[in-house]
Engineer: 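Below you will find the structure I want to go over with you.
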Amino acid sequence: MLVTAALPYVNGHIHLGHLVEYIQADIWVRFQRLQGNQVAYICADDTHGTATMIRARQEGRSEQQIMAEMSEAHQKDFADFAVQFSHYGSTDAPSNKQLVGEFWAALRQARDDAGESIVAERDVTQLYDPKAGSFLADRFVKGTCPKCKSPDQYGDSCEKCAATFSPSDLINPVSTLSGAKPELRSAKHYFVRLEPFRDFLKAWTRSDNTLQNEIANWLHGAFLNDALRDWDVSRPAPYFGFEIPDAPGNFFYVWVDAPVGYLSSLTDWCATTQQDVKQWWPKTTDKNFGAGEIHHFIGKDITYFHTLFWPAMLKTAGYQLPTQVHIHGFLTVNGEKMSKSKGTFIRARAYLDAGLDPAYLRYYFASKLNGKVEDIDLNLAEFVDKVNSDIVGKVVNLASRTAKFVPVLASTYPDDGGLFNAAAAESDAIATAYATGDYSAAMRRIMALADRANEYVEARAPWALKKDPARLDELTAACTVSLNLFRQLCIYLAPVLPDLAQKTADLLGGSGNTWQDAQKPLTGITLAPFKHLVARLDPAKVDAMVAASASETPAPASVVATAVDDGEALSAEPLAGTIAFEDFSKVDLRVARIIAAVEIPKAKKILQLTVSLGGEDRRTVFAGIKTAYGDPTKLVGRLIVIVANLAAKPMSFGTSEGMAIAAGPGGQEIFLLSPDSGAKPGQRIH
RNA sequence: GGCGAUAUAGCUCAGCGGUUAGAGCGGUGGCUUCAUAAGCCAUAGGUCGAAGGUUCGAUUCCUUCUAUCGCUACCA
């Protein structure tokens with residue numbers, strides 16, 4: 001059984017969002033192995049594409065250096081989260097180049113029912129950056145919207161008026177790579193015609209369990225209903241990737257060689273371990289075709305590649321198709337998209353550096369994942385509560401509260417009122433939950449067992465038995481039962497918490513390495529000295545992690561993208577007449593700190609601010625900024641600039657004792673002025 | 001604008017065409033003190049987003065609406 005996780009892109013570090021997938025797949029792999037299945041867990045770095053090329057240029061070093069550095073960082077992050085790949089390769093590997101060539105040759109030879117070639121050639125006109133010497137994807141061009149004249153819009157559509165257009169329609173287009181003015185150039189591209197595969201894909205996407213229903217429905221509604229468009233698989237030079245063998249100067253688009261990376265990484269692993277790759281991923285002509293299973297774990301954003309293009313490629317080249325594609329949603333933090341400024345864009349390394357145990361995150365994700373394509377939320381407060389309550393308070397506590405009472409387990413398993421057998425009987429239900437990806441159901445069942453075990457300990461009160469030497473047998477029995485119940489839980493949790501399972505095996509001297517071990521209690525075992533198994537989660541560490549993530553200075557996104565200023569704002573509001581300095585000096589502008597910001601229910605645009613000018617000087621200011629600052633609590637604490645000597649103005653909500661200074665036309669676009677850090681409330685602006 | 005999804009107790013989520021809708025956490029009140037301030041018992045708290053429809057009966061199925069989240073905008 002072969003399992004892959006999506007290939008992380010070489011350009012960025014692993015963050016908690018990535019880990020949802022790698023941990024999810026790792027849990028599944030570990031579960032399958034506990035069940036006795038042989039599993040290869042394969043991953044690799046996705047290396048090619050324009051982004052890598054540009055980064056290498058900007059940093060003045062080779063793509064190879066970047067790839068080496070990032071691969072090492074990625075692998076270390078994964079290893080530290082107990083994500084254990086059989087092999088971690090690279091899409092830039094020679095084996096991948098060879099395989100991509102093989103796939104390409106197959107596509108070149110393939111013919112549809114009408115005898116037409118699957119590969120088509122067409123000229124594509126694109127904007128070209130003469131300074132950077134590169135064709136520009138739509139997102140690398142910015143300019144003014146031809147319809148509504150909004151500045152700073154991307155080359156494909158306008159975020160303001162929602163018009164869609166071609167990058168060449170932009171007014172004053174600018175390359176975000178170099179700032180140069182792009183020109184139109186035409187180049188030949190190669191396309192894979194997908195329409196001939198449509199009937200095949202319609203059937204395959206509906207075949208049993210291959211895809212979650214919601215995904216299959218969506219594909220059928222969104223894509224497979226109409227003729228499939230041709231897929232542009234080539235990019236003209238310069239491009240970082242593999243050159244197309246029979247078309248010099250043209251390179252394979254990154255999404256051609258990325259999925260092939262699954263196969264090439266597997267191939268490399270088989271080479272180093274002296275296995276036959278066909279055992280894992282056979283072709284139709286191999287004897288064991290269809291004998292093993294192939295599972296891809298991916299995020300919903302790359303569904304098309306794995307459910308349309310990739311199956312078409314595999315079919316054409318004669319490889320076994322994926323048994324199942326497991327598609328998951330995205331991670332939000334505290335209910336919102338991960339945000340760098342809020343510190344919720346958390347890198348895997350930042351989590352570890354804060355001193356947090358990977359087991360916490362593995363358990364939390366497991367308790368949330370349910371096999372659907374829904375997004376899952378990492379609520380940091382809940383994270384702390386859940387981990388401490390479930391793992392430490394319920395599960396590990398069972399061992400903590402009984403392991404020190406007895407040196408040796410009873411030689412025969414005592415009567416426990418059927419508890420152990422009841423928990424053993426849960427085995428299948430829990431296994432089914434794991435197998436179907438519904439880890440949250442598995443966790444719920446396991447925690448319910450932990451509750452019952454704690455009730456048992458409470459009822460037997462071993463701490464009371466301990467005081468009476470005559471009741472030693474009872475004490476031993478009670479501890480034997482509770483430690484066995486604990487061990488069962490650890491076996492059930494082993495896919496999620498491999499480290500705890502190992503420590504428990506050490507403590508109890510048992511094997512505990514297969515799922516079946518949960519069916520049979522341990523007896524007569526001499527206990528190893530008890531050590532804490534999992535540390536309590538300290539919320540301060542979570543706070544530290546968020547603070548550290550927030551203070552990370554984001555890398556400058558692009559050289560000139562945001563520096564393209566036009567004259568729209570100025571012409572919309574022409575300059576006022578010239579004033580004398582005396583006139584200006586009448587206006588007393590002061591730095592003020594917002595100490596409270598309150599919504600006024602009746603007001604659509606007004607927020608009530610209480611600002612401090614330092615000392616005791618507090619003022620109430622009504623500011624028309626609600627449309628842009630919807631969450632007033634976020635304003636509290638920040639410094640702004642106010643007109644401090646403006647005559648008080650009575651309003652229907654109260655009297656405004658100053659005016660907050662802000663720029664922008666209104667609506668969403670209101671920008672409060674802030675002094676640079678170091679300014680103090682009360683200071684005058686000169 | 002298009003597409004997908006979600007909307008059930010304060011929070012995170014189960015559940016299901018049919019007797020009084022559940023769990024964990026949190027709250028409250030007890031108990032316990034073995035344990036990493038852990039555990040046990042009890043208890044409060046929901047007109048299952050809104051409006052229609054199907055049905056003997058809907059939180060559960062259908063339609064519409066609203067809100068939220070995510071993706072996407074014609075090289076997916």
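Letters go in sequence order (proteins before strands), and every chain restarts at 1.
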Engineer: Does K394(A) come within less than 4.0 Å of D451(A), counting only side-chain N to carboxylate O?
Structural biologist: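 Yes.
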Engineer: Please classify the nucleic acid contact of V124(A) as base, sugar-phosphate, or nothing, using heavy-atom distances under 4.0 Å.
Structural biologist: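 No contact.
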Engineer: Using a 4.0 Å heavy-atom cut-off, does L398(A) contact any base of the nucleic acid, only the sugar-phosphate backbone, or nothing at all?
Structural biologist: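 Contact class for L398(A): none.
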Engineer: Scan N379(A) against the nucleic acid and name what it touches under 4.0 Å (heavy atoms): base, sugar-phosphate only, or nothing.
Structural biologist: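 Here N379(A) touches no strand at all.
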Engineer: Any base atoms under 4.0 Å from V457(A), or only sugar-phosphate, or nothing? Heavy atoms, all strands.
Structural biologist: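 The answer is nothing, as V457(A) stays clear of every strand by at least 4.0 Å.
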Engineer: Look at the side chain of S400(A) and decide which nucleotide, out of A76(B), A35(B), C25(B), has an atom nearest to it.
Structural biologist: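 Comparing A76(B), A35(B), C25(B) against the side chain of S400(A), the answer is A35(B).
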Engineer: Measure from CG on N334(A) to P on U12(B) and round the result to the nearest Å.
Structural biologist: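 After rounding, the gap between these two atoms is 10 Å.
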Engineer: Could you give the distance separating C48(B) and A21(B) at their C1' atoms, to the nearest angstrom?
Structural biologist: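 Approximately 7 Å lies between the C1' atom of A21(B) and that of C48(B).
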Engineer: When you get a sec, tell me which of C75(B), G24(B), A38(B) is the closest nucleotide to the side chain of W231(A)?
Structural biologist: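 Side chain of W231(A) sits closest to C75(B).
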Engineer: Could you tell me whether N388(A) contacts a base, only the sugar-phosphate backbone, or nothing, with contacts defined as non-hydrogen atoms closer than 4.0 Å?
Structural biologist: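 Nothing, no heavy atom under 4.0 Å.
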Engineer: May I ask you to decide if L224(A)'s main-chain N or O and R198(A)'s side chain share a donor-acceptor pair within less than 3.5 Å?
Structural biologist: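 Side chain of R198(A) to backbone of L224(A): a pair is present.
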Engineer: Which nucleotide sits closest to the side chain of Y304(A): C41(B), G39(B), U72(B)?
Structural biologist: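 Side chain of Y304(A) sits closest to U72(B).
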Engineer: Consider the side chain of R444(A), meaning its heavy atoms from C-beta on, and name the nucleotide among C41(B), G70(B), C13(B) that approaches it most closely.
Structural biologist: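 For R444(A), the side-chain atoms sit closest to C13(B).
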Engineer: Checking base pairs now: Watson-Crick or wobble, both atom distances under 3.5 Å. What partners G27(B)?
Structural biologist: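 U43(B) is the nucleotide pairing with G27(B).
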Engineer: Salt-bridged, D375(A) to K300(A), with N to O below 4.0 Å?
Structural biologist: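 A salt bridge links D375(A) with K300(A).
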Engineer: Roughly how many Å is it from CZ in F530(A) to C1' in C34(B), rounded to a whole number?
Structural biologist: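 One finds 12 Å between C1' of C34(B) and CZ of F530(A), rounded.
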Engineer: Nearest of C25(B), C34(B), U72(B) to any side-chain atom of K467(A)?
Structural biologist: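 Side chain of K467(A) sits closest to C34(B).
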Engineer: Please report, rounded to the nearest Å, how far the C1' atom of U36(B) is from the CG atom of D357(A).
Structural biologist: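 Rounding to the nearest Å, CG of D357(A) and C1' of U36(B) are 13 Å apart.
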Engineer: Hey, which of N388(A), V384(A), D357(A) is the one that makes side-chain contact (heavy atoms from CB on, under 4.5 Å) with R536(A)?
Structural biologist: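 The single option meeting the side-chain contact (heavy atoms from CB on, under 4.5 Å) with R536(A) is N388(A).
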Engineer: Pick the closest RNA chain B nucleotide for L228(A) and for E382(A) by heavy atoms, then say which residue is nearer the 5' end.
Structural biologist: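 Taking each residue's closest nucleotide, the earlier one in sequence belongs to E382(A).
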Engineer: Both distances under 3.5 Å, Watson-Crick or G-U wobble: report the partner of A21(B), or none.
Structural biologist: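 The answer is none; no pair meets the criterion.
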Engineer: Assign each of V392(A) and E458(A) to its nearest nucleotide of RNA chain B by heavy atoms, then name whichever residue's nucleotide is nearer the 5' end.
Structural biologist: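 Its nearest nucleotide being more 5', the pick is V392(A).
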Engineer: Kindly point out which of A14(B), C25(B), U72(B) is positioned nearest to the side chain of D385(A)?
Structural biologist: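 Among the listed nucleotides, the one closest to the side chain of D385(A) is C25(B).
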Engineer: Could you tell me if R235(A) sits above the aromatic ring of Y253(A), with its cationic atom closer than 6.0 Å to the ring centre and no more than 45 degrees from the axis?
Structural biologist: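 Here R235(A) passes the 6.0 Å and 45° test against Y253(A).
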Engineer: Report the distance from atom CG of L378(A) to atom C1' of U12(B), rounded to the nearest whole Å.
Structural biologist: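 About 12 Å, once rounded to whole Å.
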Engineer: Dump the intermediate steps for side-chain contact (heavy atoms from CB on, under 4.5 Å) on Y434(A) and V496(A), then the final yes or no.
Structural biologist: CA-CA 10 Å; Y434(A) 271 120; V496(A) 181; 3.5 Å; yes
Engineer: Output yes when E426(A) and R452(A) qualify as a salt bridge under the 4.0 Å nitrogen-oxygen rule, no when they do not.
Structural biologist: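 Result for this pair is no, no salt bridge flagged.
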Engineer: Under 4.0 angstrom, heavy atoms only, what part of the nucleic acid is R536(A) near: base, sugar-phosphate, or nothing?
Structural biologist: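 The answer is base, as R536(A) lies within the cut-off (heavy atoms under 4.0 Å) of a base atom.
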Engineer: Check whether the ring centres of W310(A) and F305(A) lie less than 6.0 Å apart, and answer yes or no.
Structural biologist: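 Ring-ring flag for W310(A)/F305(A): false, centres at least 6.0 Å apart.
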Engineer: Hey, is the side chain of R229(A) poking within less than 4.0 Å of OP1 or OP2 on A76(B), counting only N and O atoms?
Structural biologist: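 Answer no for this pair, as no side-chain N or O of R229(A) is under 4.0 Å from OP1 or OP2.
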Engineer: So what's A73(B) paired with, Watson-Crick or G-U wobble, going by both distances under 3.5 Å?
Structural biologist: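 None - no nucleotide pairs with A73(B), as no candidate has both distances under 3.5 Å.
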Engineer: Between A14(B), A35(B), U36(B), spot the one nearest the side chain of L533(A), thanks.
Structural biologist: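 Selected nucleotide: U36(B).
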Engineer: At their closest point, which heavy atom of P236(A) faces which heavy atom of H189(A), and how far apart are they?
Structural biologist: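 Scanning both residues completely, I find the closest heavy atoms to be CD-NE2, 3.6 Å.
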Engineer: Output the rounded distance in Å from CG (D390(A)) to C1' (G26(B)).
Structural biologist: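 It is 13 Å, rounded to the nearest whole Å.
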Engineer: What string of B, S and - do you get for nucleotides 4-10 of chain B, 5' to 3', if B is base contact, S is sugar-phosphate-only contact and - is no contact with any protein heavy atom under 4.0 Å?
Structural biologist: SSS----
Engineer: Counting side-chain heavy atoms from C-beta on, which of C34(B), A38(B), A14(B) comes nearest to W463(A)?
Structural biologist: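 The closest nucleotide is C34(B).
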Engineer: Identify the nucleotide, in any strand shown, that forms a Watson-Crick or G-U wobble pair with A7(B), with both distances under 3.5 Å; if there is none, say none.
Structural biologist: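 With both distances under 3.5 Å, A7(B) matches U66(B).
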Engineer: Does Y253(A) have a side-chain nitrogen or oxygen under 4.0 Å from the phosphate oxygens OP1 or OP2 of A76(B)?
Structural biologist: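 Yes, such a contact exists.
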Engineer: Partner lookup for U59(B), please. Criteria are Watson-Crick or G-U wobble with both distances under 3.5 angstrom; report none if nothing qualifies.
Structural biologist: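 U59(B) is paired with nothing.
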Engineer: Please confirm whether the shortest side-chain N or O distance from K368(A) to OP1 or OP2 of C13(B) is below 4.0 Å.
Structural biologist: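 For C13(B), OP1 or OP2 has a side-chain N or O of K368(A) closer than 4.0 Å.
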